[in-house]
Amino acid sequence: MTVLGREYDGGPTGHLGAYRARDGSDGSRVLLDLDGPHAALVVGKRGSGKSYTLGVLVEEAARVDGLAPVVLDPMGAFTTLDADPVGARVVRPRVRADALAPRAWCDLLGLDPTTATGALVWRAAARADTLAGMCAFVEGADAAGATRRAAANHLALADSWDVFGDAPTPFDGRATVLDCSGYDRAATNAVCRAVASRCYRDRVEGTTDRHPWLFVDEAHVPFAGVAAPALRRLLTRGRQPGVSLVVATQRPSALPPVVASQSDLVVMHRLSSRADREAMRAVRPAAVRGTLDERMPTAPGEALVVDDTSERLHAVRVRERETPHGGESPRLSSPR
Ligand SMILES: Nc1ncnc2c1ncn2[C@@H]1O[C@H](COP(=O)(O)OP(=O)(O)OP(=O)(O)O)[C@@H](O)[C@H]1O
């Protein structure tokens, strides 16, 4: 049986769904490799089934001993993964201030490090390892009063996000959902950067035997913010120490090209905008040329999967979720 993403027999697999025949009927099961690390991209317009598919992938990863699935959940759409059979731990994530490098602090606060205020925040981040420590450093710094006040205001803004704290969010064997719903966009970015860096560092330094799988929904947001360098590192160098990254977006044209070029699996749900279709055509011209418009999925849950290993395009219907799907838009006709 073909297993997407691998060339050999053996090792754990995940059940993605079934092959979709041209007449719309279901064919044999589609399995995905979960033995080795992967970089995967899931795309599709609103309502096409991206977050549903992300949920299916988390369910499958959670089943495999030795994997540590972590979901960066910007909208709270994955908190339902706490149900059986996944039993994920859902947490409101916290970030240690020193998880962000001085440069990242300036980026996070929209400060140019060559300005007096940016330079002061940079020095504070280099010297202190907590946000309170950074504030104290700024207060006592040998700098003009206006510079100190401006830097203090920026740090007060970061403090108001209520995301910086001492205790790092634990993630180990159980699937973990980092529920960032209601967080400021910059705060979600800070969480994403910290968790992506930690997945990488834990593996490189050998502090965990588990292989992290980081799932990031609405990925065009972190790729445009402070999380971008950490996500790029996972894409380009994460597989070597055993870290997998799965990102989903409704706007593939808004992602940097490195995402598609580094992804060995691309799950394409329905796309309607011309820019997004063109972005995907550019991903694997040989695999999708000519066939993209003709075979574009029409119903939610239908997808085309580009698998680099087999160098083929597979028409798939993603299986149904085992845990409730939390991404439904509220409707007037729904009971609550
Ligand atoms: N594989 C599937 N099997 C059955 N139903 C599905 C499947 N995928 C999606 N659906 C249905 O389609 C709906 C929309 O899917 P989903 O919420 O994943 O869309 P989305 O692309 O993430 O949209 P948004 O960008 O708004 O989050 C789901 O609520 C579900 O009812």
Side-chain angles (χ1 to χ4, degrees), residues 4 14-21 24-32 40-63 69 71-81 83 85-86 88 177-183 185 188 192 215-224 246-255 259-260 263 265-273 275-277 279-280 292 295-305 314-336:
L4 304 186
H15 174 206
L16 178 65
Y19 283 103
R20 185 164 46 89
S25 62
D26 280 357
S28 55
R29 281 159 69 93
V30 176
L31 301 179
L32 280 180
L41 168 63
V42 181
V43 301
K45 66 177 213 161
R46 293 211 70 148
S48 61
K50 303 176 300 297
S51 24
Y52 197 102
T53 296
L54 218 53
V56 166
L57 295 173
V58 179
E59 288 175 356
E60 294 298 328
R63 238 189 275 282
V71 185
L72 185 96
D73 182 4
M75 311 289 281
F78 295 92
T79 54
T80 51
L81 284 163
V86 175
V177 176
L178 307 175
D179 174 12
C180 298
S181 55
Y183 280 26
R185 192 176 265 223
T188 305
C192 185
F215 297 85
V216 180
D217 200 10
E218 311 282 354
H220 51 280
V221 176
F223 270 105
V246 183
V247 302
T249 182
Q250 52 185 298
R251 294 178 48 209
S253 57
L255 289 177
V259 183
S263 296
L265 279 170
V266 179
V267 180
M268 233 184 294
H269 289 288
R270 181 162 184 79
L271 289 169
S272 49
S273 105
D276 290 331
R277 286 190 187 212
M280 296 321 292
L292 198 55
R295 297 179 73 187
M296 182 55 73
T298 51
E302 291 181 356
L304 292 173
V305 182
H314 305 268
V316 170
R317 186 185 322 280
V318 175
R319 71 158 172 82
E320 289 191 8
R321 288 273 298 269
E322 292 171 350
T323 51
H325 173 52
E328 301 277 10
S329 302
R331 301 212 174 115
L332 284 176
S333 58
S334 57
R336 64 189 176 102

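Both ligands and their constituent atoms are indexed starting at 1 by order of listing.
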**Message:** Checking side-chain contact (heavy atoms from CB on, under 4.5 Å) between L81 and each of E322, H325, E59, which is the one that passes?
**Reply:**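 Exactly one option meets the side-chain contact (heavy atoms from CB on, under 4.5 Å) with L81, and it is E59.
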So do [Y] and [X] actually touch side chain to side chain, heavy atoms under 4.5 Å?
| X | Y | result |
| --- | --- | --- |
| R321 | T80 | yes |
| L72 | T188 | yes |
| L57 | V42 | yes |
| E302 | V316 | no |

**Message:** Tell me whether ligand 1 is touched by K45 - counting only heavy atoms on the residue side and a distance under 4.0 Å.
**Reply:**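 Contact check K45 vs ligand 1: positive.
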**Request:** With atom 20 (P) of ligand 1 as the reference point, say which of K50, E302, Q250 has the nearest heavy atom.
**Result:**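 Closest candidate by heavy-atom distance is K50.
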[X] N/O to ligand 1 N/O under 3.5 Å:
| X | result |
| --- | --- |
| E218 | no |
| V318 | yes |
| G47 | yes |
| E320 | no |
| T53 | no |

**Prompt:** Take atom CZ in R63; do more than 12 heavy atoms of anything else shown fall under 6.0 Å from it?
**Reply:**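 Yes.
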**Asked** Under the ring pair (Phe, Tyr, Trp, His ring centres under 6.0 Å) test, which residues partner H314, sequence neighbours left out?
**Response**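 Partners of H314 by the ring pair (Phe, Tyr, Trp, His ring centres under 6.0 Å) criterion, ordered by chain and then number, come out as Y19.
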Sub-4.0 Å atoms of ligand 1 with respect to non-hydrogen atoms of [X]:
| X | result |
| --- | --- |
| H325 | 16 (P), 17 (O), 18 (O), 28 (C), 29 (O) |
| G49 | 8 (N), 9 (C), 15 (O), 16 (P), 18 (O), 19 (O), 20 (P), 21 (O) |
| R319 | 1 (N) |

**Message:** One residue to check: H269. Relative to ligand 1, which of side chain, backbone, both or neither has a non-hydrogen atom less than 4.0 Å away?
**Reply:**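 Near ligand 1, H269 shows nothing, with every heavy atom at 4.0 Å or more.
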**Location of contacts on R321 toward ligand 1, heavy atoms closer than 4.0 Å** =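 For R321, no heavy atom sits under 4.0 Å from ligand 1.
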**Request:** Show the numbers, then the answer: is there a side-chain contact (heavy atoms from CB on, under 4.5 Å) between V216 and T249?
**Result:** CA-CA 9 Å; V216 180; T249 182; over 6 Å; no
